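Structure first, then comments.
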There are 2 protein chains.
Amino acid sequence: MQLDEFSNIFKSLSEPVRLRVMYLLLERGELCVCDIVSSLEVSQSVVSRHLAYLRNAGLVSSRRQGVWIYYQLAESNDFIRQLLALFKQSGEDCVTLKGDLNRLQAEGRESNCC
Amino acid sequence: MQLDEFSNIFKSLSEPVRLRVMYLLLERGELCVCDIVSSLEVSQSVVSRHLAYLRNAGLVSSRRQGVWIYYQLAESNDFIRQLLALFKQSGEDCVTLKGDLNRLQAEGRESNCC
DNA sequence: GAATTATATTCGCTTAAGCAAATATGTACA
DNA sequence: TGTACATATTTGCTTAAGCGAATATAATTC
């Protein structure tokens, strides 16, 4: 890994909404945009732009299934994997991240999309 | 750790000059500003501003000794320690980071400051 | 206390990155 | 074909963050 790669990864993770998205994907594996939107309680266009950012950065990948687009963590090198594992573990104590996860699970039961 | 703390740490590490400074400190423990300046080959004011940024972020601390100000890594929590350890390890393969370190060692022998 | 050196900070400027609102694209289904 | 829905992208704007050049501060030495 070269210097720009390190800084790009850290920059990708320096934005709160992107961190929240990454945490959900770390915990849940694969999610469609509408689930992320309602879990984070952030506007659709904001979520979409940050997903595009993460995709360009190579941190997530997406697949289309009908109308829905599912995002998941991209395959990545040792550094990124370990970094994300560390973040996942340390995120346990984070109120916001846990809240997102709870909202996701709550809405999963009575989902109106996907 | 809460969400802002995560994002602030990542933002601090998202800038190439700051990453280079952090790597030198990880490898060498304690350095004065003039050593960092000549090792990175970046202007004094740029280095100084990034050091201030890192200090505000709580990632480094400094002590004065006469005219010189020495910087070192600050004490920090598990997340930061592990993150930096991972970065240090992965930085082994980075041309720029290794170059900085080499220049630091070379100039150490015939140092004109500190 | 004046000159020198190391470091920090300010000023003026430019570029990147964020948001909200609006619009476009692509799929499904009648 | 047309309407509806999920998602992406564009536009216009504002704010944050970077830089170089210049200036300020603080310690040292003469």
Side-chain angles (χ1 to χ4, degrees), chain A residues 3-4 6-22 24-25 30-57 59-72 104 107-108 111-114, chain B residues 3-4 6-22 24-25 30-57 59-72 104 107-108 111-114:
Chain A
L3 191 63
D4 290 358
F6 285 114
S7 76
N8 286 335
I9 291 164
F10 288 130
K11 185 180 288 185
S12 300
L13 299 177
S14 73
E15 208 288 331
V17 171
R18 290 198 290 267
L19 275 180
R20 295 167 73 190
V21 169
M22 291 299 287
L24 286 182
L25 294 177
E30 193 180 54
L31 292 169
C32 75
V33 181
C34 56
D35 279 336
I36 298 173
V37 167
S38 52
S39 170
L40 302 193
E41 291 176 324
V42 157
S43 84
Q44 183 262 321
S45 107
V46 164
V47 168
S48 186
R49 247 182 303 107
H50 285 300
L51 284 170
Y53 193 113
L54 291 170
R55 180 157 21 82
N56 288 335
L59 288 173
V60 308
S61 60
S62 61
R63 73 183 172 88
R64 167 159 241 145
Q65 180 173 316
V67 189
W68 299 285
I69 299 183
Y70 288 87
Y71 280 83
Q72 61 184 161
L104 183 60
E107 102 207 358
S111 175
N112 41 4
C113 89
C114 323
Chain B
L3 191 63
D4 290 358
F6 285 114
S7 76
N8 286 335
I9 290 164
F10 287 130
K11 185 179 288 183
S12 300
L13 298 178
S14 71
E15 210 287 331
V17 171
R18 290 198 290 266
L19 275 180
R20 296 167 72 190
V21 169
M22 291 300 286
L24 286 182
L25 295 177
E30 194 181 52
L31 293 169
C32 75
V33 180
C34 54
D35 278 335
I36 297 173
V37 167
S38 52
S39 169
L40 303 193
E41 291 177 323
V42 157
S43 83
Q44 182 262 321
S45 105
V46 165
V47 168
S48 186
R49 252 182 297 110
H50 285 299
L51 284 169
Y53 192 113
L54 291 170
R55 179 157 22 82
N56 288 336
L59 289 174
V60 308
S61 60
S62 61
R63 72 183 173 87
R64 169 158 239 147
Q65 180 173 316
V67 190
W68 299 286
I69 299 184
Y70 287 89
Y71 281 82
Q72 61 184 160
L104 183 60
E107 102 207 357
S111 175
N112 41 5
C113 89
C114 319

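All values below come from the heavy atoms of this structure, side chains included, with hydrogens, waters and symmetry mates left out. Just so we're clear, the structure is a prediction, and the values are computed from it rather than from any experiment. To find a chain, count down the sequence lines: A is the first, B the second, and so on, and within it residues start at 1.
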Which is true for B:Tyr70 with a 4.0 Å heavy-atom rule: it touches a base, it touches only sugar-phosphate, or it touches nothing?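 Here B:Tyr70 touches no strand at all.
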Report yes if at least one side-chain N or O of [X] is closer than 4.0 Å to OP1 or OP2 of [N]; otherwise report no.
| X | N | value |
| --- | --- | --- |
| B:Lys11 | D:dA16 | no |
| B:Tyr71 | C:dA6 | no |
| B:His50 | D:dG18 | no |

base_contact_polar (C:dA8 base, B:Gln44 side chain, donor-acceptor, <3.5 Å): yes
Please compare B:Arg55 and A:Val46 by the position of their nearest nucleotide in DNA chain C and report the one closer to 5'.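 It is B:Arg55, whose closest nucleotide lies nearer the 5' terminus.
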To check you understand the geometry: which heavy-atom pair defines the closest contact between B:Leu13 and B:Leu19, and what is its length?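 Taking B:Leu13 first and B:Leu19 second, the nearest heavy atoms are O-CG, 3.2 Å.
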Mind listing the closest non-hydrogen atom pair of B:Cys32 and B:Cys34 along with its distance?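 The answer is SG-SG, 2.9 Å.
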Tell me: [atom1] of [X] to [atom2] of [N], nearest whole Å?
| X | N | atom1 | atom2 | value |
| --- | --- | --- | --- | --- |
| A:Leu54 | D:dA8 | CG | C1' | 15 Å |
| A:Arg49 | C:dA16 | CZ | P | 17 Å |
| B:Arg18 | D:dA16 | CZ | C1' | 12 Å |
| A:Asp35 | D:dC5 | CG | P | 18 Å |
| B:Ile69 | D:dT25 | CD1 | C1' | 10 Å |
| B:Trp68 | D:dA27 | CH2 | P | 13 Å |
| B:Glu15 | D:dA16 | CD | P | 18 Å |
| A:Asn56 | D:dT9 | CG | C1' | 12 Å |

Does a side-chain heavy-atom distance below 4.5 Å link A:Val21 with A:Val60? no
Kindly indicate whether the side chain of B:Tyr71, heavy atoms from C-beta on, has any atom under 4.5 Å from the side chain of B:Leu31. no
Which nucleotides of nucleotides 24-30 of chain C have their base under 4.0 Å from a protein heavy atom (B), which only their sugar-phosphate (S), and which neither (-), written as one string 5' to 3'? --SSS--
Nearest-nucleotide pick for A:Val17, side chain only, options being C:dT9, D:dT9, C:dC19: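 Closest of the options to the side chain of A:Val17: C:dC19.
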What nucleotide, of C:dT7, D:dA22, D:dA6, holds the atom closest to the side chain of B:Ser45? D:dA22
Taking the basic N atoms (NZ, or NE/NH1/NH2) and the acidic carboxylate oxygens, is any pair closer than 4.0 Å for B:Glu15 and A:Lys11? no
Checking A:Leu59 against A:Met22 for the side chain to side chain contact (heavy atoms under 4.5 Å, CB included) test, could you report, in this order, the C-alpha distance in whole Å, the side-chain angles of both residues, the deciding distance, and whether it holds? CA-CA 9 Å; A:Leu59 288 173; A:Met22 291 299 287; 4.1 Å; yes
Before you tell me yes or no, could you show the steps for A:Ser62 and A:Tyr70 under side chain to side chain contact (heavy atoms under 4.5 Å, CB included), namely the whole-Å CA-CA distance, both residues' side-chain angles and the distance that decides it to 0.1 Å? CA-CA 5 Å; A:Ser62 61; A:Tyr70 288 87; over 6 Å; no
